[in-house]
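Values below: every heavy atom of this structure, side chains too, minus hydrogens, waters and symmetry copies. Nothing fancy with the numbering, it's 1 onward along the sequence.
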Amino acid sequence: MTIGATHKSLGIGVATLALLGGVATTGTAHATGSVTAHSAAAAAAAKKCTHTKSLGYYCGYYKGSGTVRKGSKGNAVREVQALINQTTSYKPKLKVDGDFGKNTKAAVIWFQKKYHVKPYDGIVGKKTWKELRLK
């Protein structure tokens, strides 16, 4: 297959994804300039995070800044998972399922260390929310 044919196939796939209600994206940059590439399947499964003037990055799940930690469930956790997936280089990508388990805690600790948000405890409080949203 030639490069031109590959691009044409990719374009058809993206157009099909758009028609089915998915979102195709090449990623978003964090404050340090890292860019995360997303597969079409991952983009279709998650809401797209966008930057707003009033809130900062928002992924469509939760606008607040209430504390979430291991054992928490719901839209605040989905927001944390989506923000880490779409605005950082963290691997492997988290499942955006609203369940704050060991994988989400590990990702939050990684985020806190990478962006110097102390304490490095895996709990998303006001300071971690602020850095996640880049307000």
Is the closest side-chain heavy-atom distance between [X] and [Y] below 4.5 Å?
| X | Y | value |
| --- | --- | --- |
| D99 | V77 | no |
| T87 | L134 | no |
| K114 | T88 | no |
| I123 | T67 | yes |
| S89 | W110 | yes |
| N75 | R78 | yes |
| K127 | P119 | yes |
| V96 | N85 | yes |

task = Test the K63-Y58 pair against the cation-pi criterion, namely NZ or CZ under 6.0 angstrom from the six-membered ring centroid and within 45° of the ring axis.
result =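 K63 over Y58 ring: yes.
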Would you compute the distance between atom [atom1] of [X] and atom [atom2] of [Y] and round it to the nearest 0.5 angstrom?
| X | Y | atom1 | atom2 | result |
| --- | --- | --- | --- | --- |
| Y115 | T128 | OH | OG1 | 13.0 Å |
| F100 | R69 | CZ | CZ | 9.0 Å |
| Q86 | K93 | CD | NZ | 8.0 Å |

Whether [X] side chain and [Y] backbone form a donor-acceptor pair below 3.5 Å:
| X | Y | answer |
| --- | --- | --- |
| Y90 | L94 | no |
| Q112 | K118 | no |
| E131 | V117 | no |
| K48 | C59 | no |
| R133 | Y57 | yes |
| W129 | G64 | no |

query = Considering all heavy atoms of both residues, which atom of K70 and which atom of K102 are nearest to each other, and what is their separation?
reply =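 Taking K70 first and K102 second, the nearest heavy atoms are CE-N, 4.0 Å.
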Closest approach of D121 to I109 (non-hydrogen atoms, all atoms of both residues) =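 Looking at all heavy atoms of both residues, the shortest contact is C-CG1, 4.0 Å.
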ask   = Residues two or more places apart in sequence or in another chain: which of them pass side-chain contact (heavy atoms from CB on, under 4.5 Å) with K95?
value =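 Listed in chain order: D97.
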